[in-house]
K.L.:
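Structure incoming, see below.
Everything quoted here is computed from the prediction, not taken from an experiment.
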Amino acid sequence: MIKFYLPHLIFFSVFCVSIAPVLYYYQRRNPNIRCRPGLGEMTMVTIMALFIGAAASYGLGSIFRGDQNLRQYLAKPDEGAGWSSGTTGPQDDDNEPKPAPRKKSD
């Protein structure tokens, strides 16, 4: 199971390593100590960054996973959905009487 999520974990670990200095700089950026973000704001920013990083890691990990079969998209589909099968309703029904062909008048 871990093999399936290995690309996701690699991307998430790279994201966490790269976001740590950014968050540290954000906390220490203002020279005035009273204007620096407090513990609550830093927690909120860190959690939001982790959620964004987790979503991006999941997306990128799904793209770079090695067990994908891309040839399946080139093949003709074997069947479609029931509502998109090509039948358009009563005119294709065999139980209804068919109209007689019109005769051409001279």
K.L.:
Looking at every non-hydrogen atom in both residues, tell me the closest pair between Pro7 and Gly61 and how far apart they are.
P.N.:
CB-O, 3.8 Å

K.L.:
Give, for atom CG of Leu60 and atom CD1 of Ile10, the distance between the pair rounded to the nearest 0.5 Å.
P.N.:
12.0 Å

K.L.:
Other than Leu50, which residues form its hydrophobic cluster under the rule that side-chain heavy atoms must be closer than 4.5 Å?
P.N.:
Phe12

K.L.:
Hydrophobic clusters join Ile, Leu, Val, Met, Phe, Trp and Tyr when side-chain heavy atoms are under 4.5 Å apart, directly or via other members; which others share one with Phe51?
P.N.:
Ile47

K.L.:
What do you reckon, is CG of Leu74 surrounded by more than 12 foreign heavy atoms closer than 6.0 Å?
P.N.:
yes

K.L.:
Any idea which heavy atoms bring Phe15 and Gly53 closest together, and the distance?
P.N.:
CE2-CA, 3.5 Å

K.L.:
State plainly whether one hydrophobic cluster holds both Val45 and Val22, where clusters connect Ile, Leu, Val, Met, Phe, Trp and Tyr through side-chain heavy atoms under 4.5 angstrom apart.
P.N.:
yes

K.L.:
Do Gln27 and Arg36 come close enough that some side-chain heavy atom pair is under 4.5 Å?
P.N.:
no

K.L.:
Is Ile63 reachable from Phe11 through a run of I, L, V, M, F, W or Y residues, each pair having side-chain heavy atoms under 4.5 Å apart?
P.N.:
yes

K.L.:
Measure across Glu41 and Pro37 and return the closest heavy-atom pair with its distance rounded to 0.1 Å.
P.N.:
OE1-CB, 3.4 Å

